[in-house]
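What follows is one structure encoded as structure tokens, with my remarks underneath.
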2 protein chains.
Amino acid sequence: MARTQGSRSDVTGPRVEAAALKLFARDGYAAVSMRQIAAEVGVQAGALYSYTPDKQSLLFAMMKGHMEDLLEALAKLDSSGPPPARLERFVRFHIGFHAARPEAVFVSYMEIRNLTAENFPVIEALRRRYETALEQILRAGRDSGDFAMPDTKLAAMALIAMLTGVTTWFREGGRLSLAEVEEIYVAMVKKAVGAG
Amino acid sequence: MARTQGSRSDVTGPRVEAAALKLFARDGYAAVSMRQIAAEVGVQAGALYSYTPDKQSLLFAMMKGHMEDLLEALAKLDSSGPPPARLERFVRFHIGFHAARPEAVFVSYMEIRNLTAENFPVIEALRRRYETALEQILRAGRDSGDFAMPDTKLAAMALIAMLTGVTTWFREGGRLSLAEVEEIYVAMVKKAVGAG
DNA sequence: GTCTATACAGGGATAGAC
DNA sequence: GTCTATCCCTGTATAGAC
């Protein structure tokens, strides 16, 4: 049970991830050095390699973790009821989830191109699963006659772009509260897909 | 009139800009080296400094140029007629202009944080002018009763995010033509702002 | 105008002491 | 588990020859 003096692997590991997330989000993956991450954690650069094999793994783990959290949370969302209700829940979920972790969102959308050839498809597949979830709601709504859209795939992309855009400008304590923003987006999205 | 042998300043300068644009768009500003740009142009790294004082100036010039082109083209757009017609023209203009230069768009939206403290506000001001142009159309439409929206500023941000998202997935020769995409977005945007 | 050569700082990652 | 020290590479930018 007793741990070696000075050993804090269980706490330092997460702190490395947190520092990397913070710095990648602020300055971009390519612009951040391992030395900067180490300084943020309060250790020497060499010590980082006890927690990650390399810089790329740090990025990949953070993006994969984010997408998995997103999909896991989505899976817990009530998927019953008529399409308009499902769509409304999706919109609120998306805005809420993304607004709660702006750094992870930012990294996940900006650093895709910095993934290696092996890691990229993994993240891409997770992202596509999320888009498909929205598209299925839209398709169900079109089939039921609740929505009217020429192309559900394109509409799904358009809506996700619109919703994710919130994180680029939303700031707690700004002109509008998150609840107000949610309200406005729900109304706008419903109208966009032709929900009466 | 005779130019020094080997002198091609008038042609090499633009080639440096083009190479920087291509590489910044593909790999990101921070990940691209001056050596890579030089290799793309076919000169040695040192020669680049005949055309730009430094790497940052390359980024700034390309972003400023892009935003100025955008605003200039927007200024030429017919701004007469009722708000729904104006909005439709704006949507078609935005999609068309952005789809025609995906690299410049990509750099302009991704590399904002890599601008220095002096350069950032310049680009930000240009961007805001563009957003304001859309917001004015929305406000005019609300005033005239053509549109229904709780917040024109937020709607403008939402629509621009949605429209700009097109450049992230649109590929010439894909499932839909640009004209089809435009059609669909025009319809979706009009509905989103409550235009009957 | 472009080249070669180079200065100098900083990058990622590893080795071995403690 | 973390440190110091270090390897080797690459980064931006400049100087001076041609």
Side-chain angles (χ1 to χ4, degrees), chain A residues 1-24 26-62 107 111 113-119, chain B residues 1-24 26-62 107 111 113-119:
Chain A
M1 282 304 181
R3 218 179 277 115
T4 310
Q5 288 176 359
S7 166
R8 290 170 306 173
S9 171
D10 52 339
V11 67
T12 308
R15 286 188 58 220
V16 170
E17 292 166 35
L21 174 60
K22 173 183 170 180
L23 294 175
F24 288 172
R26 199 189 62 190
D27 300 331
Y29 174 77
V32 173
S33 71
M34 293 298 269
R35 293 195 227 270
Q36 277 178 270
I37 297 172
E40 178 78 23
V41 175
V43 299
Q44 293 298 314
L48 293 181
Y49 293 87
S50 302
Y51 304 101
T52 179
D54 52 31
K55 193 183 169 190
Q56 168 72 204
S57 302
L58 231 33
L59 177 65
F60 180 58
M62 123 184 6
V107 170
E111 305 297 354
R113 63 174 159 196
N114 283 312
L115 290 169
T116 60
E118 310 92 66
N119 290 341
Chain B
M1 280 305 179
R3 217 177 278 112
T4 310
Q5 289 176 356
S7 166
R8 289 171 306 173
S9 171
D10 52 338
V11 66
T12 307
R15 288 187 57 221
V16 169
E17 293 166 34
L21 174 60
K22 173 182 169 181
L23 293 174
F24 287 173
R26 200 189 61 187
D27 301 331
Y29 174 78
V32 173
S33 71
M34 293 300 266
R35 291 197 232 268
Q36 279 178 268
I37 297 172
E40 178 79 22
V41 175
V43 298
Q44 294 298 315
L48 292 181
Y49 293 87
S50 302
Y51 305 99
T52 179
D54 52 29
K55 191 183 168 189
Q56 170 71 202
S57 302
L58 231 34
L59 177 65
F60 180 59
M62 118 182 14
V107 170
E111 305 298 353
R113 63 173 159 195
N114 283 312
L115 290 168
T116 60
E118 309 92 67
N119 291 340

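In what follows, chains carry the letters A, B, and so on, assigned in the order in which the sequence lines appear, proteins first and then strands, with residues in each chain numbered from 1.
In this structure, the side chain to side chain donor-acceptor pair (under 3.5 Å) partners of A:S57, at least two apart in sequence or on a different chain, are A:D54. Residues meeting the side-chain contact (heavy atoms from CB on, under 4.5 Å) test with B:A45, sequence neighbours left out: B:R35, B:A38. When the side chain to side chain donor-acceptor pair (under 3.5 Å) test is applied to A:Q44, no partner is found at least two apart in sequence or on another chain. For A:N114, the side chain to side chain donor-acceptor pair (under 3.5 Å) partners are A:E111, not counting sequence neighbours.
Listed by first then second residue, pairs satisfying salt bridge (charged side-chain N to carboxylate O under 4.0 Å, His left out) with a partner in residues 36-52 of chain B read B:K22-B:E40, not counting sequence neighbours.
Here C:dG12 presents its P atom at 13 Å from CG of A:L59, a figure rounded to the nearest Å. Separating the CD1 atom of A:I37 from the C1' atom of C:dG11 is a distance of 12 Å, rounded to the nearest angstrom. Atom CG of B:L48 is separated from atom P of C:dG1 by 14 Å (rounded to the nearest Å). Remark: C1' of C:dC3 and CD of B:Q44 are 7 Å apart, rounded to the nearest angstrom.
Residues A:L58 and A:I37 have side chains in contact (heavy-atom distance under 4.5 Å, counting atoms from C-beta outward).
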Under 4.0 Å protein heavy-atom contact, by nucleotide of nucleotides 12-18 of chain D - B base, S sugar-phosphate only
BBB----
